[in-house]
Amino acid sequence: MTEKNFYITTPIYYPSGKLHIGSAYTTIACDVQARYKRLLGYDVYYLTGLDEHGQKIEAKAAEAGLTPQAYVDGMAEGVEKLWDLLDISHDVFYRTTNPEHEKAVQRIFEKLLAQDDIYLGEYSGWYSVSDEEFFTESQLTEVFRDETGKVTGGVAPSGHEVEWVSEESYFFRMGKYADRLLAFYKENPDFITPNSRMNEMINNFIEPGLEDLAVSRTSFTWGIPVPQNPKHVVYVWLDALFNYMTALGLENNLENRLDKFWPADIHMVGKDILRFHSIYWPIFLMALDLPLPKRLVAHGWYVMQDGKMSKSKGNVVYPEMLVERYGLDPLRYYLMRSLPVGSDGTFTPEDYVGRINYELANDLGNLLNRTVAMMNKYFAGKVPTAIASSTSFDADLQAVADKAIADYHTYMELVDYPRALEAVWSLIARTNKYIDETAPWVLAKDEAQESELAAVMVHLAESLRVVAHMIAPFMMNTANQITQQLGLGDVVSTENLAFGAFPEGVTVVEKGTPIFPRLDMEEEIAYIKEQMSAGKPVVEKEWNPDEVSLKNSKADVKFEDFDAVEIRVAEVIEVSKVEGSDKLLCFRLDAGDDEHRQILSGIAKFYPNEQELVGKKLQIVANLKPRKMMKKYVSQGMILSAEHDGNLTVLTVDPSVPNGAIIG
Ligand code: MSP
């Protein structure tokens with residue numbers, strides 16, 4: 001039997017400020033994968049930690065009147081407290097000020113220098129302290145000039161100002177390894193998730209020619225000294241990246257951890273640091289003849305409606321506030337559900353409160369409440385066992401459950417959490433519908449139908465048992481609350497998860513307590529907004545059209561032209577694949593007309609499980625001239641969807657908006 005070991009890492013964070021929901025996202029995402037793998041019987045090692053060296057930290061410490069070490073010690077405490085609050089199940093919290101790490105980095109530097117992968121040279125360029133990165137003039141988004149036209153400064157793509165820095169520096173010969181890296185990519189096309197990012201790395205950085213990388217600095221002292229030349233400290237990426245191995249005991253192979261867990265199964269990284277992990281990290285390892293990590297998973301960012309989170313904009317969301325007010329599981333659920341794979345996602349208070357109310361309280365919470373209440377009412381709390389009879393809806397529920405479990409595992413392996421959760425919610429939705437279809441309250445009135453009623457009850461309990469197991473990596477507490485209310489023990493394994501295995505002789509709790517509160521939408525949205533701006537009044541700036549340069553991909557249209565387009569809310573009543581086409585789906589929609597409309601849409605590829613769209617409220621262009629498609633179909637409009645990274649996602653609206661409502 002092959003050993004089931006699994007090593008997963010978050011990036012190690014800069015402890016230069018309080019962490020917001022963006023960093024919480026990455027850490028929870030890794031936690032979910034770590035828990036998922038543990039439930040499948042893997043021996044997991046989960047690393048997170050801090051990247052504690054560099055000029056920015058040195059400056060922050062000075063600002064606080066502390067030594068850098070005292071400053072990072074204080075920050076580390078705060079970060080560990082946050083991970084406790086978020087129930088992060090990491091095995092190690094690794095810090096680059098760990099002496100074992102420092103020793104290893106020095107040894108590595110010496111070796112690379114001795115084998116001429118590193119040489120001493122001179123560096124000059126535009127440097128951003130905040131990004132710890134040099135930029136060429138053409139990379140700057142803005143340049144400042146003096147009266148003679150000479151460039152005196154500028155702004156990096158991150159928005160931070162740059163300064164001209166010229167200093168002696170050690171360089172790593174990156175170009176030497178470019179061909180080996182390309183060959184490695186070719187042999188390992190799944191090295192980067194999403195795959196499309198690999199081409200981005202090749203086209204933007206490798207093909208134009210890899211520049212040698214500066215790996216030391218002399219302009220500050222807070223770092224690991226270069227042993228041969230201590231006025232230099234090791235530049236932060238060569239230092240930071242090796243944490244993934246030093247934490248396993250690169251120097252001393254603690255408890256054989258290195259043998260057991262290296263190479264890493266997943267390094268999870270944000271899109272902004274993918275370049276360092278997909279180019280520099282493999283090259284460093286190649287130079288040292290060490291095995292390369294198996295996979296990098298790159299995610300997008302949580303942004304706000306007005307762009308990136310920043311204190312000056314007053315739009316930063318901290319996890320503590322959300323946990324304090326709504327509990328931990330809604331935060332973990334929201335963050336994992338709302339950020340589509342590979343692209344950015346927008347955090348909005350409306351969406352946050354909406355998902356708690358609709359998906360957690362209504363869909364899941366109510367299902368549990370109704371099930372426990374009916375079990376008590378009709379069977380004195382005992383989950384019936386013998387299924388002498390079955391309803392005509394059972395087979396369908398079973399089929400949906402089987403597919404949900406299969407999809408769930410597929411997407412969990414792909415680290416596509418929104419789709420994994422959609423699979424779970426497809427089972428929840430089907431089970432809620434099953435209650436309406438089977439109408440247990442009607443069956444209960446007729447003694448002759450007792451065995452049918454029993455069949456319904458055990459199916460409900462079984463659905464919830466399966467759901468609890470699938471949500472466990474995301475919401476461990478909720479999962480266990482569900483199994484406990486069902487009279488089962490805590491979730492301990494998902495190794496053989498299958499629908500139809502509800503144990504015999506189980507009694508549910510006498511009175512189920514709601515697992516999620518229903519929130520007052522308006523009140524809570526206002527609360528989150530107020531917390532985001534931290535009590536600061538948001539000053540509405542007068543809008544000046546000349547000041548903004550918006551990037552549109554199409555030419556401007558007149559308002560009248562736009563106004564001529566009728567966009568409406570339409571609910572999906574039915575959806576089916578179109579025979580003879582692998583692109584099209586055929587929708588029957590309620591758009592508030594006297595009869596349903598039919599629309600064909602080329603989104604089949606993006607919704608392999610198209611039934612998940614039933615019941616969703618979409619946006620359609622209603623007054624598009626009807627047209628005939630595939631010879632026999634008439635399409636009476638167009639479904640709107642958003643394009644991102646080659647994917648299409650339909651635009652949904654809040655379920656409370658009536659069908660036919662005009663959008664504009
Ligand atoms: N110290 C380096 C990483 C070294 S790894 C060997 C670093 N630290 S960081 O604190 O700036 O960022 C850590 C991670 O947080 C990055 O993956 C970054 O993409 C992620 N995020 C920062 N803001 C984010 C959002 N708003 N949303 C999602 N992730 C975000 O880079």
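One-based numbering, in listed order, for ligands and for the atoms of each.
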Practice task
Taking atom types as modelled, find out whether Thr348 and Thr346 have a side-chain donor-acceptor pair closer than 3.5 angstrom.
Solution key: no

Check ligand 1 for close polar pairs with the protein: N or O on both sides, less than 3.5 Å.
| from | atom 1 | to | atom 2 | distance (Å) |
| --- | --- | --- | --- | --- |
| ligand 1 | 1 (N) | Ile12 | O | 2.8 |
| ligand 1 | 1 (N) | Asp51 | OD2 | 2.8 |
| ligand 1 | 10 (O) | Tyr14 | N | 3.1 |
| ligand 1 | 17 (O) | Gly270 | N | 2.9 |
| ligand 1 | 19 (O) | Asp272 | OD1 | 2.5 |
| ligand 1 | 19 (O) | Trp301 | NE1 | 3.1 |
| ligand 1 | 26 (N) | Tyr302 | O | 3.0 |
| ligand 1 | 27 (N) | Tyr302 | N | 2.9 |
| ligand 1 | 29 (N) | Gly22 | O | 3.4 |

Practice task
May I have all residue pairs that pass salt bridge (charged side-chain N to carboxylate O under 4.0 Å, His left out) and include part of residues 49-70, sequence neighbours excluded?
Solution key: Glu52-Arg95

Problem - salt_bridge(Arg257, Asp91) N-O dist < 4.0 Å - result: no

Handout entry: Any donor-acceptor N/O pair, Tyr417 side chain to Gln33 backbone, under 3.5 Å
Key = yes

Exercise for the section: Write out all pairs satisfying ring pair (Phe, Tyr, Trp, His ring centres under 6.0 Å) with one or both partners inside residues 303-328, taking only residues at least two apart or from two chains. Expected result: Tyr326-Tyr352

Exercise for the section: Go through the structure and list residues passing side-chain hydrogen bond (donor to acceptor under 3.5 Å, both in side chains) with Ser216, not counting sequence neighbours. Expected result: His232

